[in-house]
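Order of listing sets the numbers, starting from 1, for every ligand and every atom in it. No experiment lies behind these values; they were computed from the predicted model shown. We're numbering straight along the sequence, starting at 1.
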Amino acid sequence: MSKKHIEIMDTTLRDGEQTSGVSFSASEKLTIAKLLLEELKVDRIEIASARVSEGEFQAVKNITHWAKESNYLNKVEVLTFVDNGVSINWMIEAGAKVQNLLTKGSLNHLTYQLKKTPNQHFADIKENISLAQSKGIETNIYLEDWSNGMRNSKEYVFEFLEFLASQPVKRVMLPDTLGVLTPSESFEFIKEIKDKYPNTHFDFHTHNDYDLGVSNAIEGIKAGADGLHLTINGMGERAGNAPMASTIAVINDYLPNVTINANEKALYTVSKLVENFSGVLIPANKPIVGANVFTQTAGIHADGDNKNNLYFSDLMPERFGRKRQYALGKSSGKANIQKNLQELGLQLNDDALKKVTQRIIELGDKKQVVTKEDLPYIISDVLDRTYEEKVTVNNYVLTHSKGLKPSTTVSITIEGEMFEEHAQGDGQFDAFMNALRKIFKKKKMILPALIDYAVRIPPGSNSDALCETIITWKSDTKEFKTRGLDSDQTVSAIIATEKMLNIITN
Ligand SMILES: CC(=O)SCCNC(=O)CCNC(=O)[C@H](O)C(C)(C)COP(=O)(O)OP(=O)(O)OC[C@H]1O[C@@H](n2cnc3c(N)ncnc32)[C@H](O)[C@@H]1OP(=O)(O)O
């Protein structure tokens, strides 16, 4: 079976910009247009609606100027209105060559918005197309609200298509303007039309109001559509349009008899650029381009990746210029940690790996985000413990309140014997140390003096999970440092103190 080429028309700069609150500047539009055509290699781009504003006029002018020099002018399209040539003049002055003429694809819209009869509308359109032709402008035609037209005024839609068959129109564009179609209707409607007009090029334009934008687009292609309108990150009015990334991936993976020019590898870069320019953040779970979609979190999945890539699918991140990652947190297992260690070029023996895994799970339990960059600190914190653990801090309460002295109750075990003490201090940690001093007095031991106390976020660790406290102690015989690492500053100091207690009792 011969393969069919499907045109991809990107409308991020027109329909995508209709996302509430989004307005691209002229230079942003030019940058996005270049990336779309040169890197993502979509077949066509729709860059603006005519007449909108002076800024929009400038934006179109900049793009057409560049497109003319780069031989892309016939791929750059402007949405126009049936307005006695006002839109056509606007786009000609802005240097554009292809109009996407917005007409009414449902009787309802025609009757109530334009207040015209079908014959009046067709006559206006005929005049518009012929004016465009006389000025060297190519015409594609939108049948706005076509999906509802097919449901409620099918006779009108076919009358319209019959009229268009005699017109010099390059493409007929069928929008599901309100995103109301189901996948099966998308298939049926497009098939019905394509069967009747097999030689006409039909674009299908879907919206995501029911989250069916991609499914509908795919069914449209199966039914015979020749082109699709998509937007980067699914931007667009209301719930947006069918997103470029997932639609392309589905076409490539599930429609073997279809070819497209779009280059998957460029998707992520374009998506991030549009995210930055639009200010509309890509949801972390957005297929293909979201931050989390190539991150394995569960330990079992990371383990399976080590064993014959059991949790891989065709949707490999490298296709899209991305990399698989392994999250660190409470659902991590040894395999997640190993994968991250490999990336850092570190190796641990089984015992150390177990201890580090346990520590990451503890941190994860506190809802902390642990990153790959935190790992070296966690490792040195855990592996610091080269002594026999004779002292354990079991429990403590630290209080801090306005007008009252901070106080602590602490319970510790020293070589199997439990002690509990209460003390006040100048701060929470001071109170904690005073309680410890009381306990160790009972053991006839004097604790070393605290001579320096430094707190920092570990350098290079770019998560907010960790806080490192390094305490310098001085006893009669020596000066030494201990460090503690935790998400909480006081807890990290207590961990450093527990290490000191173990050093002096060993
Ligand atoms: C499917 C889509 O997403 S279509 C998106 C179309 N793009 C836009 O709307 C771009 C943003 N719009 C605008 O900047 C403005 O609306 C403009 C410049 C186009 C027009 O502005 P205004 O002249 O102020 O009119 P307004 O915004 O109220 O638009 C409604 C008018 O357009 C008419 N209209 C609606 N569809 C069409 C059409 N396809 N062709 C011609 N006129 C149309 C309406 O009948 C109405 O006319 P009326 O005032 O005589 O009743």
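Counting atoms of ligand 1 from 1 in the listed order, those under 4.0 Å from a heavy atom of Ser49 are 6 (C), 7 (N), 8 (C), 10 (C). Interface of Glu144 with ligand 1, defined as ligand atoms under 4.0 Å from a residue heavy atom, comprises 1 (C).
Ligand 1 has no nitrogen or oxygen under 3.5 angstrom from a nitrogen or oxygen of Glu237. Residue-to-ligand polar distances place Gln113 within reach of ligand 1: an N/O pair is separated by less than 3.5 Å.
Of the protein's heavy atoms, Lys104 NZ, 3.3 Å lies nearest to atom 36 (N) of ligand 1. Regarding atom 40 (N) of ligand 1, its nearest protein heavy-atom neighbour is Val82 N, 3.1 Å. Protein heavy atom in closest approach to atom 9 (O) of ligand 1: Phe81 CZ, 4.3 Å. Remark: minimum distance from atom 14 (O) of ligand 1 to any protein heavy atom is reached at Val52 CG2, 3.5 Å. Of all protein heavy atoms, the one closest to atom 22 (P) of ligand 1 is Arg51 NH2, 4.6 Å. Atom 38 (C) of ligand 1 has its closest protein heavy atom at Leu102 O, 3.7 Å.
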Under 3.5 Å, which donor-acceptor pairs do the side chains of residues 101-112 form with other protein atoms, sequence neighbours left out?
from: Thr103; atom 1: OG1; to: Tyr142; atom 2: O; distance (Å): 2.7
from: Lys104; atom 1: NZ; to: Gln113; atom 2: OE1; distance (Å): 2.5
from: Lys104; atom 1: NZ; to: Glu144; atom 2: OE1; distance (Å): 2.8
from: Ser106; atom 1: OG; to: His109; atom 2: N; distance (Å): 3.2
from: Ser106; atom 1: OG; to: Asp145; atom 2: OD2; distance (Å): 2.8
from: His109; atom 1: NE2; to: Asp145; atom 2: OD2; distance (Å): 3.4
from: Thr111; atom 1: OG1; to: Leu107; atom 2: O; distance (Å): 2.6

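With hydrogens and angles disregarded, a donor-acceptor distance shorter than 3.5 Å links the side chain of Asn216 to the backbone of Leu181.
Interatomic distance, CD of Glu192 versus CZ of Phe158, reported as 4.0 Å (0.5 Å rounding).
Per-atom contact check: atom 32 (O) of ligand 1 does not touch the protein, criterion being a heavy-atom distance below 4.0 Å. For atom 47 (O) of ligand 1, no protein heavy-atom neighbour is present inside the 4.0 Å cut-off.
For His65, the NE2 atom sits in a loose shell: 12 or fewer heavy atoms of surrounding residues, nucleotides or ligands are nearer than 6.0 Å.
Both tests pass for Arg322 against the ring of Tyr268: distance under 6.0 Å to the centre and angle within 45° of the axis.
With hydrogens and angles left out, the side-chain atoms of Thr80 and Ser87 include no donor and acceptor closer than 3.5 Å. Residues Asp203 and His229 bring a donor and an acceptor atom of their side chains to less than 3.5 Å of each other.
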For this session: Go through the steps for Met235 and Val274 under the test side chain to side chain contact (heavy atoms under 4.5 Å, CB included), then give the verdict.
Result: CA-CA 9 Å; Met235 289 180 66; Val274 169; 3.4 Å; yes
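Assignment of Arg14 to the shell around ligand 1 is supported, since a heavy atom sits closer than 4.0 Å. The closest approach between Leu114 and ligand 1 falls below 4.0 Å for a heavy atom of the residue. Residue Lys115 places every heavy atom at 4.0 Å or more from ligand 1.
Partner Lys334 forms a side-chain contact (heavy atoms from CB on, under 4.5 Å) with one of Thr357, Leu341, Val356 and no other, that one being Thr357.
The aromatic rings of Phe122 and Tyr156 sit parallel, their planes meeting at an angle under 30°, below the 60° perpendicular limit.
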